[in-house]
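In this chain, residues are counted from 1 in sequence order. Bear in mind the structure is a predicted one, so any value in this text is a computation, not a measurement.
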Amino acid sequence: MGHMPYIKVENNHLVVPNKVTIGYIEGDGIGPDITTAMIDVVNSAIEIAYEGDRSIEWEKIEAGEEAYEKNGKHLPEESLDQLSRCVISIKGPLTTPIGKGFRSLNVTLRQHFDLYANVRPVKYFPGVPSPVKNPENMNMIVFRENTEDLYAGIEWKYDSEEAKKVRNFLSTQFGVNLTDDTGIGIKPISKFKSQRIVRKALEYAIDNKRRSVTLVHKGNIMKYTEGAFKDWGYAVASEMFGDITVTEDEYTQNPDAFSGKIIVKDRIADNMFQQILTRTAEYDVIATTNLNGDYLSDALAAQVGGLGIAPGANIGDIYAIFEAVHGTAPKYAGMDIANPTSLILSSAMMLNHMGWKEAATSLENAVTKCYAEQKVTQDLARILNIKPLKCSEFTMEIVKNMKKN
């Protein structure tokens, strides 16, 4: 059977054919349930937006528990080859054993394809229960560095030979004495990787006419890693985007002189957690290091309904893998009750990334309408004390909304 063509890359730009093959990984636990829902919704969105002129052929890629059962590997070489051919893919949640076994598959994929930007948009959908008074003030997008910081995985158990060597080295070379029950992790932050994530955030802010980019760091304590991230971020803004950006300090002194420019500011991470609650509306695009971004994006999502409805993507200069940001929830697997919103909104991000903006907008509007009408799955229905829709019923509602529009 003839295959639809794959996305091509020419001069670092994606060339997306109208009929295209896109890869998908179902994921573990509720993965198959929400993947089926996502594919149905995306196919409908494309059909409605382009009336047959565009379509996706979905190529299944095995990873996680399914792959392990078949051939003893959680991420076979063949799957990496498929992801490489597809250029853009989307994945459900994959299991990561805590504290033992293989390193996270997500981390492996990020490093293998150099998907250096973990992108997490968080905004409020009317009708979704929220623990805060004014959830509608939330509309932020986090650009989190994805390949270094503590996620580089450079660490040694306290009683290992390696830890002993590192402790000994620190003691003899630098006079830093650690007790012999100390495990060690290393936090690398480089100029190159810091600057490219800030560049990605600034490019997004410019393309999407956003107001500001905030560098979030813990540079008051970690001066040469997190502090350097902040300094390198400001340098990118002034050197590469000086004509369209302004620092917060300059802007505050004379706001009228800089209207229409993107304001670049920075916040210390602990203060930022307070600010996202007390001054939500003042923040827009966020660029940050890996660990800060991990905490921050989940804290943002909690204000507007939780991870079940938060989309995400891992994006590099060429490859991109869009994903559900929540876990595998194995106890709900196969029961048709999981909330597919995270993966469905991630697919809208994917359509935008491909340049298929009409389908993406139609899909997002249809999801928004479901929530506004409080047609929701069990995770939110039990908070609202209303009758839940099954995963498949919720999917049908989204499709119905798209057809109406």
Side-chain angles (χ1 to χ4, degrees), residues 63-64 68 73-75 77 80 94-118 120 142-200 215-236 266-273 286-299 314 316 327:
Y68 187 73
K73 282 188 173 161
H74 286 91
L75 193 58
E77 276 303 312
L80 288 170
L94 294 168
T95 309
T96 297
I98 294 172
K100 65 178 193 311
F102 60 94
R103 188 163 296 289
S104 156
L105 288 182
N106 293 331
V107 173
T108 306
L109 288 169
R110 288 166 193 174
Q111 292 178 342
H112 184 85
F113 291 105
D114 200 19
L115 306 173
Y116 60 84
N118 182 227
R120 303 265 298 262
V142 179
F143 282 75
R144 164 193 174 210
E145 205 291 321
N146 225 355
T147 57
E148 58 176 0
D149 193 4
L150 297 176
Y151 268 54
I154 308 168
E155 55 170 2
W156 298 282
K157 196 176 169 208
Y158 78 96
D159 59 356
S160 65
E161 276 307 305
E162 293 88 344
K164 198 184 289 181
K165 279 181 189 161
V166 176
R167 287 194 300 262
N168 190 34
F169 175 75
L170 289 172
S171 171
T172 55
Q173 299 294 314
F174 300 111
V176 173
N177 295 304
L178 300 170
T179 55
D180 57 14
D181 57 355
T182 306
I184 294 176
I186 291 185
K187 177 187 177 77
I189 300 274
S190 67
K191 182 178 182 181
F192 172 72
K193 291 185 171 183
S194 299
Q195 292 198 319
R196 69 178 179 174
I197 189 72
V198 175
R199 186 196 78 221
K200 199 85 154 160
L215 308 169
V216 177
H217 61 93
K218 189 69 182 147
N220 55 330
I221 303 299
M222 292 175 263
K223 293 182 170 42
Y224 309 118
T225 48
E226 303 256 337
F229 174 87
K230 175 196 73 166
D231 296 340
W232 290 328
Y234 274 123
V236 166
D266 74 275
R267 294 291 180 269
I268 291 169
D270 44 351
N271 178 35
M272 188 64 176
F273 275 87
I286 293 168
T288 188
T289 52
N290 193 295
L291 196 62
N292 291 332
D294 201 10
Y295 299 149
L296 199 58
S297 51
D298 281 21
N314 297 299

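- Nearest heavy atom pair, residue Glu162 against residue Trp156, reads CB-CD1, 3.1 Å.
- Of all heavy-atom pairs spanning Ala269 and Asn292, the tightest one is CB-OD1, 3.7 Å.
- If you run side-chain contact (heavy atoms from CB on, under 4.5 Å) between Thr288 and each of Val216, Ile197, Asn118, only Val216 comes through.
- With values rounded to the nearest 0.5 angstrom, Asn168 atom CG is found 10.0 Å from Asn177 atom CG.
- Using a 4.5 Å heavy-atom cutoff, the side chains of Val198 and Phe229 are in contact.
- Taking the salt bridge (charged side-chain N to carboxylate O under 4.0 Å, His left out) definition, one finds that Asp159 meets it with Lys157, sequence neighbours left out.
- Enclosure of atom CD in Glu77 is not indicated, since only 12 or fewer non-hydrogen atoms of other residues, nucleotides or ligands lie within 6.0 angstrom.
- Using a 4.5 Å cut-off on side-chain heavy atoms (C-beta onward), Leu109 and Leu80 make contact.
- Side-chain N or O atoms of Glu226 include none that pairs as donor or acceptor with a backbone N or O of His217 at under 3.5 Å.
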Q.
The test is side chain to side chain contact (heavy atoms under 4.5 Å, CB included); show your working for Met272 and Ile286 and say whether it passes.
A. CA-CA 10 Å; Met272 188 64 176; Ile286 293 168; 3.7 Å; yes

Q: Walk me through it: do Ile189 and Trp232 pass the test side chain to side chain contact (heavy atoms under 4.5 Å, CB included)?
A: CA-CA 11 Å; Ile189 300 274; Trp232 290 328; 4.1 Å; yes

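- Going from atom NZ of Lys230 over to atom NZ of Lys223 covers 9.5 Å, rounded to the nearest 0.5 Å.
- Across every non-hydrogen atom of Ala63 and Leu75, the tightest pair is CB-CD1, 3.9 Å.
- Two residues are said to be in side-chain contact when any heavy atoms from C-beta on lie closer than 4.5 Å; Phe174 and Phe169 meet this criterion.
- Residue-environment remark: OH (Tyr234) exceeds the threshold of 12 foreign heavy atoms within 6.0 Å.
- In this structure, the separation between NE2 on His74 and CG on Leu94 is 9.5 Å, given to the nearest 0.5 Å.
- Screening Asn290, Thr225, Ile186 for a side-chain contact (heavy atoms from CB on, under 4.5 Å) with Asp149, the sole residue that qualifies is Asn290.
- Shown here for Ala152 and Gln111, the closest heavy-atom pair between the two residues is CA-NE2, 4.0 Å.
- Remark: Arg110 fails to qualify as a cation-pi partner of Tyr151 under the 6.0 Å distance and 45° angle criteria applied to the six-membered ring.
- Note on Lys164 versus Glu161: salt bridge recorded, some NZ/NE/NH1/NH2 to OD/OE distance being below 4.0 Å.
- No more than 12 heavy atoms of other residues, nucleotides or ligands sit less than 6.0 Å from atom OH of Tyr295.
- Between the side chain of Glu148 and the backbone N or O of Ser190 there is at least one donor-acceptor pair closer than 3.5 Å.
- In terms of modelled atom types and a separation under 3.5 Å, the side chain of Lys200 and the main chain of Gly316 share a donor-acceptor contact.
- For the pair Met222 and Thr289, the minimum side-chain heavy-atom distance is 4.5 Å or more.
- Between the side chain of Arg167 and the backbone N or O of Thr182, at least one donor-acceptor pair lies under 3.5 Å.
- Ile221 CD1 to Asp270 CG: the interatomic distance, rounded to the nearest 0.5 Å, is 8.5 Å.
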